[in-house]
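Reading through the structure tokens given below for one structure.
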Amino acid sequence: MSARPASPDSVPPDPGALLAWYDRHHRRLPWRVTPVDRESHGLLPDPYRVWLSEIMLQQTTVAAVKGYFEAFTQRWPTVEALAAADEADVMKAWAGLGYYSRARNLKACAETVVAQHGGRFPAEESALLDLPGIGAYTAAAITAIAFDRKATVVDGNVERVVTRLFAIEEPMPAAKPAVKRQAATLTPDRRPGDFAQAMMDLGATICTPKKPACALCPWERSCAARAAGTQELFPVKAPKAERPTRYGTAFVAIRADGAVLVRRRPPKGLLGGMTEVPSGAWTTAKSAADDLSAAPFEGPWRVLPTRVEHTFTHFHLIQTVRVLDVPQDRAAPAGMWWSPPAELGGEALPSVFRKVVSAALGRPV
DNA sequence: TAAACGTGGGT
DNA sequence: TACCCAAGTTT
């Protein structure tokens, strides 16, 4: 549908007013340079750190990212260091953050930046867009934040702010082009990097999905949705598809010394390239919860009394956990290996399998 | 264009 | 509890 103007006594949204708000209320984050350092001392953030943070922040909360960002920058302080890293180590370090194709693309991107750009991130949006794992949002974000060049940065926060500001009633994601067009009209020539971060901070702290703090918003008198009292109705979204339940069986073989049998998942698809305990296929058939055909050994597998549940983006999973104690000299089947207790925590185990192993061992992994 | 792709925290 | 949500990208 079309955008409505704000109320008759409204004022046009002023980018300067948002920047002034940001100067006072910006959040201090490990990958950021403060507005004062930027404006007074001409400081720009390290593009490597900006890029790394933006990849980690894709569909992921700031709280979840902080520790991983710290660990990655400590271990791999530069894009050269990351490009030279062992991919398995990167996957291990990423374990638990989710969306694991990001980790593989992260490594590939670092290699490309080193091999094709002399170890420097390009400042051009179009060049950034060609790099693995960098899409429209991230290319614009790096251009604006790392290089302080004008770019229209549209993430979920900006979508919410803009659809409310202009009361855009067209449902997402169809409204994306309209949102980008409106966002572009707001983006200032001066301080585009701070402006981008200001829009995102505004969405994260004031223009929140539920109960937005409109009284504290620098654009309150510019907001069409606020004028109509309909701010919580935006952005309009299409109804979500139902999430089916799937069932499966996981096999935790425990060697005498406490080592657990694990294997690598196929490189692509769900949890691609990550580590798992041997498991049967996850299907909507409940019989999968009682299927021993994927067991790595013959034996009296005992059933754990509690099934392990985990929710993915597009389905819910209920896993039966079966446990078997095996002697110390039992060889791992082809393609599998024994992970000793001291190394188990460092494996590239996604959360879904960390839950399974923890349940089987009776202690956190 | 729509579906695949994780996880943990908030309400 | 169940659902929603978070600084999206890829196919």
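Because the structure is predicted, anything quoted here is derived from the model rather than measured. Chain letters run A, B, ... following the sequence lines, proteins first, then strands; residues in each count from 1.
In this structure, Asp130(A) places its CG atom 11 Å from P of dT10(C), rounding to the nearest Å. Atom CG in Leu128(A) sits roughly 17 Å away from atom P in dG8(C) (whole-Å rounding). Regarding Lys237(A), its NZ atom lies at a distance of 13 Å from the C1' atom of dG8(C), rounded to whole Å. Remark: C1' of dT9(C) and CZ of Arg104(A) are 15 Å apart, rounded to the nearest angstrom. As rounded to whole Å, 14 Å separates atom C1' of dT1(B) from atom CE of Met172(A). Rounded to whole angstrom, the span from the CG atom of Leu129(A) across to the C1' atom of dT9(C) amounts to 10 Å. Rounded to an integer number of Å, the gap from CD of Glu125(A) to P of dG8(C) is 16 Å. Atom-to-atom, NZ of Lys176(A) to C1' of dT1(B) comes out at 13 Å; the value is rounded to the nearest Å.
Taking a cutoff of 4.0 Å between a charged side-chain nitrogen and a carboxylate oxygen, Arg149(A) and Glu125(A) do not qualify as a salt bridge. A salt bridge links Arg265(A) with Glu276(A): the distance from a Lys NZ or Arg NE/NH1/NH2 to an Asp or Glu carboxylate oxygen falls below 4.0 Å.
Side-chain atoms of Arg263(A) never come within 3.5 Å of backbone atoms of Gly335(A) as a donor-acceptor pair (strictly under, hydrogens ignored). Of the possible donor and acceptor atoms, one in the side chain of Arg243(A) sits under 3.5 Å from a partner among the backbone N and O of Phe312(A).
For His314(A) and dC5(B), the shortest distance from a side-chain N or O to OP1 or OP2 is below 4.0 Å. At the phosphate of dA6(C), OP1 or OP2 sits under 4.0 Å from a side-chain N or O atom of Arg160(A). Dashed line: the shortest gap from a side-chain N or O of Lys240(A) to OP1 or OP2 of dC5(C) is under 4.0 Å.
Separation of atoms CD1 (Ile134(A)) and CD (Gln58(A)) is listed at 8.5 Å; rounding is to 0.5 Å.
Nucleotides dT11(C) and dG6(B) have their P atoms positioned 13 Å apart, rounded to a whole Å.
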Which nucleotides of nucleotides 6-11 of chain B have their base under 4.0 Å from a protein heavy atom (B), which only their sugar-phosphate (S), and which neither (-), written as one string 5' to 3'? BBS---
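The cluster map of Ile, Leu, Val, Met, Phe, Trp and Tyr, joined by side-chain heavy atoms under 4.5 Å apart, puts Phe69(A) and Leu57(A) in the same cluster.
Looking at heavy-atom distances under 4.0 Å, Ile145(A) makes no contact with the nucleic acid at all. Looking at heavy-atom distances under 4.0 Å, Trp51(A) makes no contact with the nucleic acid at all. Across all strands, Ala136(A) comes closer than 4.0 Å only to sugar-phosphate atoms, never to a base (heavy-atom distances).
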Side-chain donor-acceptor pairs of residues 294-302 of chain A under 3.5 Å, sequence neighbours excluded:
| residue | atom | partner | partner atom | Å |
| --- | --- | --- | --- | --- |
| Trp301(A) | NE1 | Phe297(A) | O | 3.0 |
| Arg302(A) | NH1 | Asp325(A) | OD2 | 3.1 |

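Map Gly203(A) and Pro132(A) each onto its nearest nucleotide of DNA chain C; the residue landing nearer the 5' end is Gly203(A).
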